[in-house]
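Before any comments, here is the structure.
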Amino acid sequence: MEANPSLLDTVGVGDLVLLDPLSEESLLQNLKERFRHQEIYTYIGNVVISVNPYQPLPIYSPQTVEDYRNSNFFAVKPHIYAIADDAYRSLRDRDKDQCILITGESGAGKTEASKQVMAYVAAVCGKGEEVNQVKEQLLQSNPVLEAFGNAKTIRNDNSSRFGKYMDVEFDFKGQPLGGVISNYLLEKSRVVRHVKGERNFHIFYQLLAGGSDQLLRGLTLGRDCRRYGYLGREDPSLPGVDDAANFRAVQEAMTVIGFSPAEVQALLDVAAVVLKLGNVELGSQFQASGMESCSIQDTRAVREICELIGLPESVLEKALCSRTVEAKREKVVTGLSVAQGCYGRDALAKNIYSRLFDWLVNRINASIKVDTSERRKVMGVLDIYGFEIFQTNSFEQFVINYCNEKLQQVFILMTLKEEQEEYVREGIQWTPVDFFDNSIICSLIEDGKAGILAMLDEECLRPGVVTEETFLAKLNQVCASHKHYESRATQNARHVTDASLAGPCFRVHHYAGKVTYNVTGFVEKNNDLLFRDLSQAMWKARHELLRSLFPEGDPQKASLRRPPTAGSQFKASIATLMKNLYSKNPNYIRCIKPNDNKEPGVFTDGLVQMQVRYLGLLENVRVRRAGYAYRQGYEPCLERYKMLCKQTWPKWKGGARDGVQALLTELRIPPAELAYGRSKIFIRTPRTLFDLEDRRRLRLADLASLIQATYRGWRCRTHYQQMRKSQIVISAWFRGQAQRKRFEQMKRSALLIQTWVRGWKSRRLLRELKHQQRCSQAAATISAYWKGYQTRKEYKKYFRSGASATLANFIYRRLLQKFFLGLRSSLPPLVVTDRSWPPAPYKFLANTNEELKKIFYPWKCKKYRDRLTPQRKALLQDKLCASQLFKGKKTLYAKSLQQSFQGEYLGLQKNPRYRALQTAAEGKLVLADTVRKVNRANGKAVPRLFLLTKNHIILADPKAAQPKTVVSLSDIQSVSVTRFSDGFFVLHLNETSTVGAKGDFLLVSDHLIELVTKLHQTLLETTAKTLNLQVADEFSTQFGKASVAIRIVETAEKNGAVPVCKKRGSHKMEVLVH
Ligand SMILES: Nc1ncnc2c1ncn2[C@@H]1O[C@H](COP(=O)(O)OP(=O)(O)O)[C@@H](O)[C@H]1O
Ligand SMILES: [Mg+2]
């Protein structure tokens, strides 16, 4: 067999399977040699043997953890980390629950080993805030449990006085979720008694050394350990152990786990109560009946206890010193003897402490309990008290050794027996190896009927006097012929004298050696009785925690049933433990104690040899050598390694066995290394397995890379294709767009060019056509002329000489005829105001037409005039005359156009008042009207009647209606008017006139235009002279001899009555008009 270098390179051989030659001696020698070189770990296959170095070694550093993490079990030096790693990986990767069984004698290093396993698993099992908290809680449970459950013994300064099995639970990723701790049989007798040189449980010393002054004062405890009876009244100090520092560590650990300050206080209260109970001294006292009874010697301790737990002193005192016995439904209180009193007191102390310990474990469990219901993987770590052989061995050693016997059985069953049986089952060639099967010892102890424990129980329950002697006698009777049982009686029967076997003793041949048990105290310890008075007293305390420890003290729940005995309880819990262990994959750490003196570097051959023997190491190696290191069902094996072979990867079509065969053949595994069982493949050496695992790991890495590469390739490809698609779409759109644009542009250009070309062509065509047309016209003209010429030339002889003139004349007349006839039908209407006239149809008729127009209009007017009446005619003549006089000269004229000239405005005929005036006018009246005469002196106007006759102008007063002033027409020199629209006028008279003396008249008439016109006409008619009419802005008038200059002033004021005459000095007058 080719050896693994790492196992051979070390001192001796790292794996005892490789030892050659194999004998007990060489095995021991190998261990010794390795121990000398501080190689404390050695394998037998995957079992680790650990030899306690009793000195700190530098092999537990974080670096070492890293070295062993995920490493190949056999590729590195043997180490406890390797087995921890293997177990953890199996748990995580193969989904197999694990248990780590640490066995060995007391002081062999089991507890240390369990801590190292836990520390390793904690270091490698994932990180994170939550995970770290769980880890911390799991790890910190150790110092707390050690403080309460460990003590110094002769063999071990930190000996576990209880068994501990801790299930650590992980999730599917291998991260710790929490755990459950089970404790087994605390050695509670240590609370009240310990051998000289040993100590009570650590917590008492730690509390006294490390508790603050305030804490101790609260608990009424003194620092000096010697004051306390249960601490042995001796110097407790331990070299290299700092109790005070440990106490602080415990307090911190409790905080980490989640203890509330109140809980810690309650815990310490109860511990203090236990200490104080040891100081309760009982003395004897004689009662009146003459019976001896006990009484409290010094009440101080009782008082302190009662103060601490809130209980009346008398209750505790009574419970300690007396006992209530129920007989025939009657309660009888009897006093206790001093011995009974002390027994009761100690029983109380032991019970309080062990129940407190149970509470502590439960409390820790409550903190580290896993809440989730998801599937969990479990790794159990068992650290239980080791096999013990003392000078005097009692009930405790008996149960401890029984437990170790059971563990050995597990080992045998799971490694040796089971292995061999499996080979037979699987039909593998096999030479059986002899090994010692300890079932026989187990059944000696635990058998339901004839077992030692059963008999002890029987004795305890038997009515009547029960003593250890009767128990021993019974044992001797039942087990007399048992190979592994000895006692004085059986020896005597065989006629053997053995001085080492005292009278009250029996001896069991354990797998690890013969142990002589002294039966003294067996019955009492198995009964584990606590007087009901005491439990009831405890239940009455106000202290919550203490009270909760004694539920049976509740009188309402009091039951008369005996509680199960200590032995049967232990047996039951061990059975549960075994069931638990059998359900898991075991990993063994077998601890060996190299010497009895806790000395580093000392290897006592005899001591080790004994351990090697009883641990069955040699058989272990033999079985291991003969057998196969590894086996697995064909299906899972194929599933696990199929990727190593082309034929089986990715799918094997045939049966699993053939698949495995094909696989291993292709991998060129030497046939000697393999055996094909009925349902499993067996692999002889671990190296082959690890080789397979290595290949698998590499292959997995390759496959992972392949998957990665394929995936990445696929991702890149899809990404690329997506990009490409997008790019194509984009470019298609872009190109389309560009092409469309280009096309549009081209189209525009083409159209433009087309337009131009077509235009050009059309123009050219047009030009050509025009040219052709001109040509044809020219040709036609030429030909017409030519033809005319020809015709004329030809026909000249037929024409008369004046034909052309005749023709022309004819045409001319025709045209004229047409013109006149046309004119007749299109003559304008005979309305004088219409001056329209149709245009001339031919240019040569323009003059004629114009002439006709000129003739036509006067003709039309004449026609109109002929139709007028004489009155109308006279009126129109008047208007004409007015127009000649005023048109364009005076603004008032325009207004007078619409007014018809009536002449007579006064109604002379009708009004008889004016008869005088009528007479004056004498039928020659031309005009009669009212005027205003302006006073020449002040410019004020007065109304006057104005009459114009053919000879005179008569002015009359309107009231008198008598002519006042009569002016002959011949006296009128001239008349002056303004330019404006007023009715102001001046009648200039000749200087020679009769009335001329008075001077000129300034008059205002509302019918000025008519008046002046009539005056003019009358004058013309009678004197054949025209009226001298002045239109001016300034004129001078003659008033008498004086002349007055009259100035016409235009005012802006339109509304006022005009004209307004204002005298400006004697020779000036202003007339305001508008
Ligand atoms: N691996 C180790 N390295 C150094 N010292 C060790 C080792 N294992 C055990 N010891 C020493 O041996 C003592 C007893 O070990 P412990 O584990 O308490 O024994 P057990 O639990 O088997 O009774 C420890 O206190 C320690 O001093
Ligand atoms: Mg221990």
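Below, each value reflects all heavy atoms present in this structure, side chains not excepted, and no hydrogens, waters or symmetry copies. First listed ligand is number 1; within each ligand, the first listed atom is number 1.
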Arg223, CZ: over 12 other non-hydrogen atoms inside 6.0 angstrom: yes
Over 12 non-hydrogen atoms of neighbours within 6.0 angstrom of CD in Glu25: no
Check: His79 ring centre within less than 6.0 Å of Tyr60 ring centre: yes
Cut-off under 2.8 Å, centre the Mg ion (ligand 2), protein N/O/S atoms: Thr111 OG1, Ser160 OG
Geometric cation-pi criterion, Arg590 with Phe411: 6.0 Å, 45°: yes
For ligand 1, the residues whose heavy atoms come within less than 4.0 Å (ordered by chain, then number): Asn52, Pro53, Tyr54, Gln55, Tyr60, Glu105, Ser106, Gly107, Ala108, Gly109, Lys110, Thr111, Glu112, Gln116, Asn156, Asn158
Side chain to side chain contact (heavy atoms under 4.5 Å, CB included), paired with Asp157, selected from Lys152, His202, Glu198: Lys152
Ion pair Lys115/Glu146, N-O distance below 4.0 Å: yes
Phe603 to Phe35 - nearest heavy-atom pair and separation: CD1-CD2, 3.5 Å
Minimal non-hydrogen separation, His194 against Gly232, with atom names: CE1-N, 4.2 Å
Flag for Thr111-Asp383: side-chain donor and acceptor within less than 3.5 Å: yes
